[in-house]
Amino acid sequence: MSKHLQAIRGMHDILPERIALWHCVEDTARQVLAGYGYAEIRTPLVEVTDLFKRSIGEVTDIVEKEMYSFDDRNGDSLSLRPEGTASCVRAAIEHGLLVQPQRLWYRGPMFRYERPQRGRYRQFHQIGVEAFGLAGPDIDLELILLTARLWRLLGLSGFRLEINSLGDADERLAYREQLIAYLASHADQLDADSLKRLHTNPLRVLDSKHPQTQQIVAGAPSLMDHLGEETRTHFERICRGLDDAGVAYRVNPRLVRGLDYYNRTVFEWITDDLGAQGTVCAGGRYDGLVEQLGGRSTPAVGFAMGLERLIELLELAGHTSEPPLDAYLVAVGEPAQAAAPLLAERLRDAVPALRLLTHSGGGSFKSQFKRADKSGARYALVLGETELERGVIGVKHLREEGEQRELGFDELAAFLRMPG
RNA sequence: GUGGACGUAGCUCAGUCGGUAGAGCGCAGGAUUGUGAUUCCUGUGGUCGUGGGUUCGAUCCCCAUCGUCCACCCCA
């Protein structure tokens with residue numbers, strides 16, 4: 001690029017030619033979420049840094065090295081949000097929303113200082129969904145079914161669903177001890193990263209990609225065996241529900257998530273079509289987080305999906321946008337040009353849904369028709385000297401065969417209301 | 001943060017074993033002074049990412065830097 005001014009690394013402009021795909025995902029998601037009774041919430045992009053430290057976890061990569069943090073003029077440390085759950089929980093506590101069950105969703109940009117890669121950006125967009133105050137497995141199931149419906153409506157297939165249960169806090173603690181003991185006995189065979197995590201975040205070693213570490217992990221004690229009766233039943237009921245709903249899934253006992261606040265259910269929707277960043281949607285239960293952030297103990301489940309990743313999949317699937325315009329108004333000659341704006345206004349009054357672009361800048365019939373064609377409009381509306389004299393508007397089909405016709409205003413309005 | 005590939009026209013790319021660059025598409029105009037998309041003709045196109053070094057001379061070689069892409073890591 002020869003320009004000296006350019007967008008910040010890993011942060012991308014979304015250009016008009018691609019915006020239709022964003023609308024498609026956003027509108028479909030909004031429609032699905034409304035259908036399940038979820039309400040949208042919007043929170044600031046910036047929060048006190050401490051909020052993320054206390055929720056995501058001090059020793060996670062996100063908090064340790066990926067946050068955009070800065071001091072404001074008061075000397076308070078603030079951060080661009082790296083994810084949405086923490087803000088959502090903070091807002092819910094702050095406004096007393098948690099006195100009753102709440103189903104909330106949000107969307108917007110998130111920021112993480114990572115090395116950009118396919119499907120991974122420094123500013124990226126998520127839609128997140130959170131359900132508060134509901135402890136039963138039915139709500140975990142509802143969230144997963146909701147996502148499955150969304151994929152269906154978007155025409156996306158080929159995802160696989162992986163689920164796991166991390167157990168309650170005490171179950172996990174007991175397992176953690178055993179896992180550390182096991183891993184420590186094989187310490188000499190672990191890769192450096194896993195060795196570092198052995199005592200800080202041993203569960204993360206389970207989903208290491210390192211081949212040799214994976215071999216060790218294969219022989220590790222299973223988290224599933226450490227689940228208590230209640231946790232196990234909770235998990236089984238989700239699996240049963242998925243079976244009954246006909247949603248295929250795979251229990252992956254090595255699925256853990258990178259954020260500290262998860263307990264019990266975790267799940268991921270994964271695709272093989274995006275290279276290394278295959279997780280399209282992920283989430284889980286976080287029953288302890290609300291209390292941890294100063295609220296009353298409140299069970300909660302949620303997930304987030306990456307919009308850039310979904311949109312790239314839609315592009316791969318060959319999604320194209322609809323022709324955006326119904327009509328393009330061609331006006332040649334001074335009197336016609338003077339009359340065109342008023343004609344356009346009257347048409348918009350008469351046909352509120354009409355998508356009409358009026359030519360601007362004058363020019364010959366030829367050049368205006370070229371514009372009309374490129375605009376993608378279905379019809380050209382023609383206003384020239386002759387039409388003006390006769391009090392009619394020419395209507396020409398740009399996308400199909402058909403004679404150019406001359407219609408009076410009322411006829412034209414009727415035609416544009418019910419074209420074709 | 002680590003490793004690798006790559007930055008040439010608005011876009012996709014070619015090219016110069018070092019002598020300041022081409023194609024296709026696009027865009028503008030014309031063939032048709034009231035009709036687009038097809039066809040034909042003409043025109044428009046670039047500080048060869050940026051900065052420095054070597055050289056008589058650098059888009060090409062060297063170094064740095066910024067950016068893109070891929071993988072690791074991590075995650076949506």
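The chains referred to below are lettered A, B, ... by the order of the sequence lines, with proteins before strands, and numbering in each begins at 1.
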Give me the distance, rounded to whole Å, that separates A14(B) from C60(B) when you measure between the C1' atoms they each carry. 14 Å

Hey, does the side-chain of R120(A) have a donor or acceptor N/O within less than 3.5 Å of a partner on the base of C70(B)? no

Across the strands shown, which category fits E83(A) at heavy-atom distances under 4.0 angstrom: base, sugar-phosphate, nothing? nothing

What is the nucleic acid contact for A372(A), judged by heavy atoms within less than 4.0 Å: base, sugar-phosphate only, or nothing? nothing

Quick one: OG1 on T231(A) to CG on D168(A), what's the gap to the nearest 0.5 Å? 4.0 Å

Charged N-O contact under 4.0 Å between R112(A) and E83(A): no

G67(B) and C56(B), which share atom name P, separated by this distance in whole Å: 35 Å

Using a 4.0 Å heavy-atom cut-off, does R112(A) contact any base of the nucleic acid, only the sugar-phosphate backbone, or nothing at all? base

Taking pairing as Watson-Crick or G-U wobble with both contacts under 3.5 Å, can you name the mate of A28(B), or confirm there isn't one? U42(B)

So what does E387(A) hit on the nucleic acid, given a heavy-atom distance under 4.0 Å: a base, only sugar-phosphate, or nothing? base

Parallel, tilted or perpendicular: ring planes of F365(A) versus F369(A), cut at 30 and 60 degrees: parallel

Take atom C1' in G51(B) and the same atom in A58(B), then report the distance between them in whole Å. 14 Å

Flag for H12(A)-Q123(A): side-chain donor and acceptor within less than 3.5 Å: no

Measure the distance from CG on L398(A) to C1' on A37(B) and round it to the nearest whole Å. 9 Å

Donor-acceptor pair under 3.5 Å: do we get one between K366(A)'s side chain and the base of U35(B)? no

Looking at Q117(A) and C73(B), is any side-chain donor or acceptor paired with a base atom of the opposite kind under 3.5 Å? yes

Would you state whether a donor and an acceptor, one from the side chain of R115(A) and one from the base of U2(B), lie under 3.5 Å apart? yes

Is there a donor in the side chain of Y328(A) and an acceptor in the side chain of Q368(A), or the other way round, less than 3.5 Å apart? no

By the 4.0 Å heavy-atom rule, please label V332(A) as base, sugar-phosphate, or nothing. nothing

Can you tell me the pairing partner of U55(B) across any strand shown, Watson-Crick or G-U wobble, with both distances under 3.5 angstrom? none

With a 3.5 Å cut-off and just heavy-atom distances, do the side chain of Q404(A) and the base of U35(B) make a donor-acceptor pair? yes

Can you check the distance between G43(B) and G4(B), where both ends of the measurement are the P atom (answer in whole Å)? 47 Å

Would you indicate what K65(A) reaches in the nucleic acid, counting non-hydrogen atoms under 4.0 angstrom: base, sugar-phosphate, or nothing? nothing

Indicate, with a heavy-atom threshold strictly under 4.0 Å, whether G84(A) touches base, sugar-phosphate, or nothing. nothing

Considering only atom P, compute the distance from A37(B) to A28(B) and round it to an integer number of Å. 11 Å

At 4.0 Å (heavy atoms only), tell me whether Y121(A) reaches a base, stays on the sugar-phosphate, or touches nothing. base

At 4.0 Å (heavy atoms only), tell me whether G119(A) reaches a base, stays on the sugar-phosphate, or touches nothing. base

